[in-house]
Amino acid sequence: MDPDDIEELAVELQGKTVGGWGLVQLAAGTGFAAYVMWAGVLMPGFRRVPLKLQVPYVPSSAKQVENVMSLLKGRSGKMVDLGSGDGRIVLEAYKQGFRPAVGYELNPWLLRLSNYRAWRAGCYGKVFYQRQDLWKLPLLETKLLAELPDEARVVTGRFPFPTWMPTTSVGEGINRSWAYDIKTVRQTRHNKPEGCPE
């Protein structure tokens, strides 16, 4: 469509009312666009996740990124974000000196968005995002305790570990983040009396 056609169409439509049928078409078109967005962007991340464990994609706010980074202050080394969404935390961790900074995410559209954001920030190829289905792993708490060194710190945002006692936490509501020092978690679990639930 050339610019003259667009101008002619605009002149033709100027002054016309939408009417009932036009409103129905507008509502149907908006609903269809919302469905396409859900089916194409959000739903792929839910396909293989058990229903009781489904977590919606909610982008990290600037405050939550700040909270996570404050819990990692004074630390260095490798940083991994499980369920990295659009990659904001991985990108900020890289900017603050964590090497390597890696994000794992199931949703392929969010991986593309993460890589785009890294490219825009000049960090493409310096931060890494991988598609990984974390629900195929054994229970995450058990896996982390078995594989992480004592000096590791695990930070969660929005969803704390149900059986671990946090070392510290920052923020409120949806911006809340929890830090778990692996050595402390191991000691707490080891010191529980027999018969106590975990």
Side-chain angles (χ1 to χ4, degrees), residues 42 45-46 49-50 52-107 110-111 113-118 121 123-124 126-192 198:
L42 299 174
F46 290 130
V49 179
K52 68 179 183 174
L53 298 176
Q54 287 185 359
V55 177
Y57 164 65
V58 181
S60 297
S61 66
K63 185 63 178 169
Q64 184 169 25
V65 173
E66 180 185 322
N67 289 342
V68 168
M69 290 299 110
S70 74
L71 292 172
L72 294 172
K73 193 171 188 153
R75 293 178 171 268
S76 62
K78 184 175 187 175
M79 197 291 290
V80 176
D81 186 2
L82 305 177
S84 59
D86 63 8
R88 296 171 196 220
I89 291 174
V90 174
L91 205 50
E92 186 60 30
Y94 178 82
K95 290 176 183 177
Q96 292 193 21
F98 287 89
R99 305 286 190 277
V102 181
Y104 291 98
E105 175 59 48
L106 176 61
N107 188 321
L110 291 176
L111 284 174
L113 180 58
S114 298
N115 283 310
Y116 172 74
R117 292 173 58 91
C123 298
Y124 186 78
K126 299 174 185 172
V127 296
F128 303 96
Y129 301 99
Q130 297 179 8
R131 186 167 186 213
Q132 183 70 40
D133 187 352
L134 300 173
W135 303 111
K136 290 183 179 177
L137 298 175
L139 289 175
L140 189 56
E141 291 178 2
T142 305
K143 182 174 179 59
L144 293 174
L145 281 174
E147 296 180 12
L148 291 176
D150 278 347
E151 61 274 2
R153 173 171 268 192
V154 176
V155 176
T156 64
R158 295 200 177 106
F159 306 100
F161 283 112
T163 65
W164 289 6
M165 179 65 75
T167 306
T168 187
S169 65
V170 174
E172 297 177 7
I174 65 168
N175 292 321
R176 190 162 186 189
S177 298
W178 295 264
Y180 305 89
D181 292 331
I182 293 299
K183 184 175 184 176
T184 305
V185 172
R186 285 185 178 126
Q187 289 171 345
T188 303
R189 292 171 65 93
H190 182 69
N191 292 334
K192 283 191 177 188
E198 297 210 24

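Only a predicted model underlies this, so the values are computations on that prediction, with no experimental measurement involved.
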Colleague: Check whether any side-chain heavy atom of R189 lies under 4.5 Å from a side-chain heavy atom of T163, and answer yes or no.
Modeller: yes
Colleague: At their closest point, which heavy atom of R158 faces which heavy atom of P59, and how far apart are they?
Modeller: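 Here R158 and P59 meet closest at NH2-O, 3.2 Å.
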Colleague: Examine R131 relative to Y104 and say whether NZ or CZ is less than 6.0 Å from the centre of the six-membered ring and inside a 45° cone about the ring axis.
Modeller: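 Not satisfied by the 6.0 Å and 45° rule.
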Colleague: For the CG atom of L148 and the NZ atom of K143, what is their distance to the nearest 0.5 Å?
Modeller: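 So the gap between those two atoms works out to 9.5 Å.
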Colleague: Quiz question: by atom type and distance under 3.5 Å, do the side chains of R88 and Q64 form a donor-acceptor pair?
Modeller: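 There is no such pair (donor and acceptor under 3.5 Å, judged by atom type) between the side chains of R88 and Q64.
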Colleague: Would a 4.5 Å heavy-atom cut-off, applied to side chains only, mark Y94 and R99 as touching?
Modeller: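 Counting from C-beta outward, Y94 and R99 do come under 4.5 Å.
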Colleague: For the pair S114 and E105, evaluate side chain to side chain donor-acceptor pair (under 3.5 Å) and give the outcome as yes or no after the intermediate values.
Modeller: CA-CA 10 Å; S114 298; E105 175 59 48; over 6 Å; no
Colleague: Testing the basics here: between M79 and V90, what is the closest heavy-atom pair and its distance to 0.1 Å?
Modeller: CE-CA, 3.7 Å
Colleague: Is there side-chain contact between I182 and W164, with heavy atoms separated by less than 4.5 Å?
Modeller: yes
Colleague: About how many Å separate CG of D181 and OG1 of T167, when rounded to the nearest 0.5 Å?
Modeller: 3.5 Å
Colleague: Once rounded to the nearest 0.5 Å, what's the spacing between atom CH2 of W178 and atom CE of M165?
Modeller: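 So the gap between those two atoms works out to 13.5 Å.
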Colleague: What are the two closest non-hydrogen atoms of G157 and S177, and how far apart are they?
Modeller: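 Answer, listing the atom of G157 first, then S177: CA-OG, 4.1 Å.
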Colleague: Taking all non-hydrogen atoms of both residues, which atom of L91 and which atom of Y129 are closest, and how far apart?
Modeller: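 In terms of heavy atoms, the two residues are closest at N-OH, 3.9 Å.
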Colleague: Answer yes or no: is there a side-chain heavy-atom contact under 4.5 Å between L111 and Q130?
Modeller: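 Result no, sub-4.5 Å side-chain heavy-atom pair not found.
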Colleague: Decide yes or no for E141 and P162: does some side-chain heavy atom of the first lie under 4.5 Å from some side-chain heavy atom of the second?
Modeller: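 Result yes, sub-4.5 Å side-chain heavy-atom pair found.
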Colleague: Nearest 0.5 Å, what's the CG-CG distance between N107 and D86?
Modeller: 10.5 Å
Colleague: Roughly how far, to the nearest 0.5 Å, is CZ of F128 from CG of N115?
Modeller: 10.5 Å
Colleague: With rounding to the nearest 0.5 angstrom, report the OG1 to NZ distance, T188 to K183.
Modeller: 12.0 Å
Colleague: Is the closest side-chain heavy-atom distance between L144 and Y180 below 4.5 Å?
Modeller: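 Answer no - side chains too far apart.
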Colleague: Search all heavy atoms of G171 against all heavy atoms of N67 and return the closest pair with its distance.
Modeller: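 That closest heavy-atom pairing would be CA-ND2, 3.6 Å.
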